[in-house]
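Each remark here refers to the structure printed beneath this line.
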2 protein chains.
Amino acid sequence: MSLATGFGSADDSPGLLLWQVTNHWQAAQRAALKPYGLTHVQFVLLASLSWLQAQEAPGPVTQRRLAEHAATDPMMTSQVLRTLEARGLVTRLPHPHDARARAVTATEEGAALADQAIAVVEACDADFFSPLSEEVALFTRALRTLRPT
Amino acid sequence: MSLATGFGSADDSPGLLLWQVTNHWQAAQRAALKPYGLTHVQFVLLASLSWLQAQEAPGPVTQRRLAEHAATDPMMTSQVLRTLEARGLVTRLPHPHDARARAVTATEEGAALADQAIAVVEACDADFFSPLSEEVALFTRALRTLRPT
DNA sequence: TGTCGATAGTAAGCGCGCATACTATATGGA
DNA sequence: TCCATATAGTATGCGCGCTTACTATCGACA
């Protein structure tokens with residue numbers, strides 16, 4: 001309502017808290033992934049791509065499908081995948097049946113790196129959310145409620 | 001643990017959910033603040049500055065103190081304040097007792113804009129978290145637990 | 001009084017996160 | 001067959017969020 005009640009401290013606003021906690025979490029992820037030379041988003045896309053490849057889906061994985069699965073912006077997905085391609089972690093070959101699309105695959109090196117990073121990231125996550133202990137299930141459910149469709 | 005269990009879907013990871021939900025929330029804030037020509041961070045700093053000014057603290061508000069209060073990066077705070085200064089919403093005069101520091105104040109226009117925006121942002125927040133209904137208190141408490149010291 | 005560590009602020013730069021606008025191709029229907 | 005619409009992907013640009021490195025000043029202490 002007023003300045004004094006509304007924004008005196010972030011304690012009042014779940015939104016501000018959400019923002020601050022997420023920044024804190026991203027910092028933890030950044031630190032955990034630093035030894036692998038990966039950013040958080042690079043890791044998510046690489047790991048998601050590895051997983052999608054392993055699925056028995058029809059046709060090769062396109063950038064669009066990867067972006068949809070990882071819930072990332074298609075534009076950013078394009079940029080990040082080109083970075084990963086430049087580092088030899090993914091390939092972006094022309095799609096066999098759709099001249100507009102790319103067939104994206106993780107290279108052996110990329111998949112191996114993702115496998116290593118996944119363990120570290122999961123440990124980092126577990127540590128980050130450990131203060132919640134049993135409440136983490138409730139917390140996760142709340143987040144799922146707020147997630148965009 | 002493995003690709004299949006660890007990153008098949010964001011449902012599994014509170015971290016990924018946190019990230020996605022925050023992006024979603026930021027989009028809502030962006031839309032709500034668009035009519036005022038403010039970004040989320042600009043709004044937070046402007047509103048926090050207005051609040052700090054109203055407090056009976058010793059000496060003028062410095063960028064450092066504002067950044068600390070809003071839990072924002074000092075470098076970013078500097079940038080954003082210069083943007084707000086260019087738009088006439090804040091002033092950044094030399095500090096009377098410390099030649100290193102700036103005495104930051106919200107202009108009348110800035111304070112008025114903040115007051116208007118606060119109402120809209122609070123409504124936006126209430127709407128965003130309404131799916132949680134009563135659980136919002138629990139959710140906020142969990143976030144506070146995870147907040148950096 | 002001089003100097004030395006701590007502090008306020010900024011320059012430059014990278015990687016998202018997203019908005020806008022564009023090209024090229026695919027696809028369904030007359 | 002031709003065309004309208006939808007779709008895959010990219011160029012450009014802005015605003016964070018943060019890192020590193022730097023200047024200038026302050027405060028404490030000998």
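Naming convention: chains lettered A, B, ... in sequence-line order (proteins, then strands); numbering from 1 in each chain.
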Could you check B:Thr83 against B:Ala99 and say which one's nearest nucleotide on DNA chain D is further toward the 5' end?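 Looking at the nearest nucleotide for each, B:Thr83 comes out on the 5' side.
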5' priority, DNA chain D, between A:Arg102 and A:Trp19 [closest heavy atom]: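 The 5'-side residue here is A:Arg102.
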Please tell me if [X] has a side-chain N or O lying less than 4.0 Å from either OP1 or OP2 of [N].
X       : N      : value
B:Arg64 : D:dC26 : no
A:Arg65 : D:dA8  : no
A:Gln26 : C:dG17 : yes
A:Arg82 : D:dA11 : yes

The side chain of [X] lies closest to which of these nucleotides: [options]?
X        : options                : answer
B:Arg100 : C:dA11, C:dT7, D:dT20  : C:dT7
A:Ser78  : D:dC18, D:dT10, C:dA24 : D:dT10
A:Ala101 : C:dC18, C:dA8, D:dA8   : D:dA8
A:Gln63  : D:dG9, D:dC16, D:dT12  : D:dG9
B:Thr39  : C:dA11, D:dG15, C:dC18 : D:dG15

Are A:Glu109 and A:Arg87 within salt-bridge range, i.e. N to O under 4.0 Å?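 So A:Glu109 does not pair with A:Arg87 through a salt bridge.
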Rounded to the Å, how far apart are [X] [atom1] and [N] [atom2]?
X       : N      : atom1 : atom2 : result
B:Asn23 : D:dG15 : CG    : P     : 18 Å
B:Gln29 : D:dG15 : CD    : C1'   : 15 Å
A:Gln79 : C:dA19 : CD    : P     : 14 Å
A:His40 : C:dC16 : NE2   : P     : 10 Å
B:Leu84 : D:dG15 : CG    : P     : 11 Å
A:Leu81 : D:dT10 : CG    : C1'   : 13 Å
B:Arg30 : D:dG15 : CZ    : P     : 12 Å
A:Asp98 : D:dT7  : CG    : C1'   : 8 Å

Answer yes if the side chains of A:Arg82 and A:Ser78 hold a donor-acceptor pair under 3.5 Å, and no otherwise.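 Side chains of A:Arg82 and A:Ser78: pair found under 3.5 Å.
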Are [X] and [Y] close enough that some pair of their side-chain heavy atoms sits under 4.5 Å apart?
X        : Y       : result
A:Phe128 : A:Gln29 : no
A:Gln42  : A:Tyr36 : no
A:Thr77  : A:Arg64 : no
A:Pro74  : A:Gln63 : no

Between A:Met75 and A:His97, which residue's closest nucleotide on DNA chain C lies nearer the 5′ terminus? A:Met75
Would you mind classifying the nucleic acid contact of A:Arg92 as base, sugar-phosphate or nothing, using non-hydrogen atoms under 4.0 angstrom?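 Sugar-phosphate contact only - A:Arg92 comes under 4.0 Å of backbone atoms but never of a base.
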Scan B:Asp73 against the nucleic acid and name what it touches under 4.0 Å (heavy atoms): base, sugar-phosphate only, or nothing. base
